Amino acid sequence: MSKIVVLNSGGFDSIVLMNYLHSIQGENEIYSLHFLYGANNEKQQLECVNKVCEKVEAVNKIIQLPKIDWTQSNFFGTEEIDTKSQYLEYRNLIFLSYALSYAESIGAERVYLALLNHNDYPDTTLQFLQGLNSFSVPASGIDIDAPFIFDNKVRLAHISKYLGITKEDYFSCDNPQADGSPCGVCRDCVALGEIFEKLS
């Protein structure tokens, strides 16, 4: 039985990835890796992480990181201006450094993350992924894989419907309301709302 490590934020993309990998690689041991680093939706996403790990019988590894308080972005703010304002400098590189170390320690040969087909940030591109693999594969035999790298959220929405994923299974809102519910107006809330309205 092989072991795989999956970066699992608890948001829509990674919850679809967790379910997808379980559906196609049911015999593999899934090791979910989630990071706490002060995000506004931390509590809600952690609940979704715990829920999906129980569902797919994944090992649930949670790592507490210091807040990236040197950022020049508005990531930890409550006002979303545009996509670029939300960029947290090389967050994926930070996460993947931990993931590679964790994978090597448990004997996993593959790390997965839910990158999509866009170039919004430098650490979400195919070039970034290929660059990391050019080091990690020869160094430790660990491949970093993003199976949705050529897909968009519409494609993921179709996959989520096929896998029976509901709105209660993920939390992608950047700025939850005081009661913890999605705000309905941030970029992710609007995008997912429009997609699922078209699919309904």
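These numbers come from the heavy atoms of this one structure, side chains and all, not from hydrogens, waters or symmetry mates. This structure is a prediction, so every number in the text was calculated from the model and none was measured. For this chain, numbers begin at 1 and follow the sequence in order.
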TODO: Describe, in one word, how the ring planes of F196 and Y170 are oriented to each other, choosing from parallel (under 30°), tilted (30 to 60°) and perpendicular (over 60°).
DONE: parallel
- [ ] Please answer: with hydrophobic residues joined when any side-chain heavy atoms are less than 4.5 Å apart, are L36 and Y31 in the same cluster?
- [x] no
TODO: May I ask whether I4 and V49 are part of the same hydrophobic cluster, defined by side-chain heavy atoms of I, L, V, M, F, W, Y residues being less than 4.5 angstrom apart, directly or through others?
DONE: no
Open item on the list: Assess, by modelled atom type and distance only, whether the side chains of T125 and Q127 contain a donor and an acceptor separated by less than 3.5 Å.
Closed with: no
Open item on the list: Using a 3.5 Å distance criterion without hydrogens, assess whether the side chain of Q44 forms a donor-acceptor pair with backbone atoms of F171.
Closed with: no
TODO: Can you label the angle between the Y90 ring and the F128 ring as parallel, tilted or perpendicular, going by 30° and 60°?
DONE: tilted
- [ ] Taking atom types as modelled, find out whether Y37 and R91 have a side-chain donor-acceptor pair closer than 3.5 angstrom.
- [x] yes
TODO: Indicate if L33 and L65 have the same hydrophobic cluster label, given that clusters are the connected sets of ILVMFWY residues with side-chain heavy-atom separations under 4.5 angstrom.
DONE: yes
Open item on the list: Between K51 and D169, does the salt bridge (charged side-chain N to carboxylate O under 4.0 Å, His left out) criterion hold? Intermediate values first, please.
Closed with: CA-CA 7 Å; K51 182 178 179 180; D169 294 324; 3.0 Å; yes
Task: Within one Ile-Leu-Val-Met-Phe-Trp-Tyr cluster: L126 and Y87, side-chain cutoff 4.5 Å - done: yes
Task: Pair N175, N40: side-chain N/O donor-acceptor within cut-off below 3.5 Å - done: yes
Open item on the list: Grouping I, L, V, M, F, W and Y whenever their side-chain heavy atoms are under 4.5 Å apart, do V154 and V190 come out in a common cluster?
Closed with: no
Task: Any side-chain heavy-atom pair of L129 and L113 under 4.5 Å - done: yes
TODO: Could you tell me which non-hydrogen atom of S9 sits nearest to which non-hydrogen atom of G11, and how far apart they are?
DONE: OG-N, 2.9 Å
Task: Short side-chain to backbone donor-acceptor contact, H34 and I62, under 3.5 Å - done: no
Open item on the list: Strictly distance-based, threshold 3.5 Å: is any side-chain N or O of T124 a donor or acceptor partner for the main-chain N or O of Y121?
Closed with: yes
Open item on the list: Can you confirm if the aromatic rings of F148 and Y20 lie within a centre distance of less than 6.0 Å?
Closed with: yes
Would you tabulate the side-chain donor-acceptor contacts of residues 102-112 under 3.5 Å, counting partners in other chains and residues two or more places apart, or write 'none'?
{"residue": "S105", "atom": "OG", "partner": "Y102", "partner atom": "O", "Å": "2.7"}
{"residue": "R110", "atom": "NH1", "partner": "D143", "partner atom": "OD2", "Å": "2.6"}
{"residue": "Y112", "atom": "OH", "partner": "Q25", "partner atom": "NE2", "Å": "3.0"}

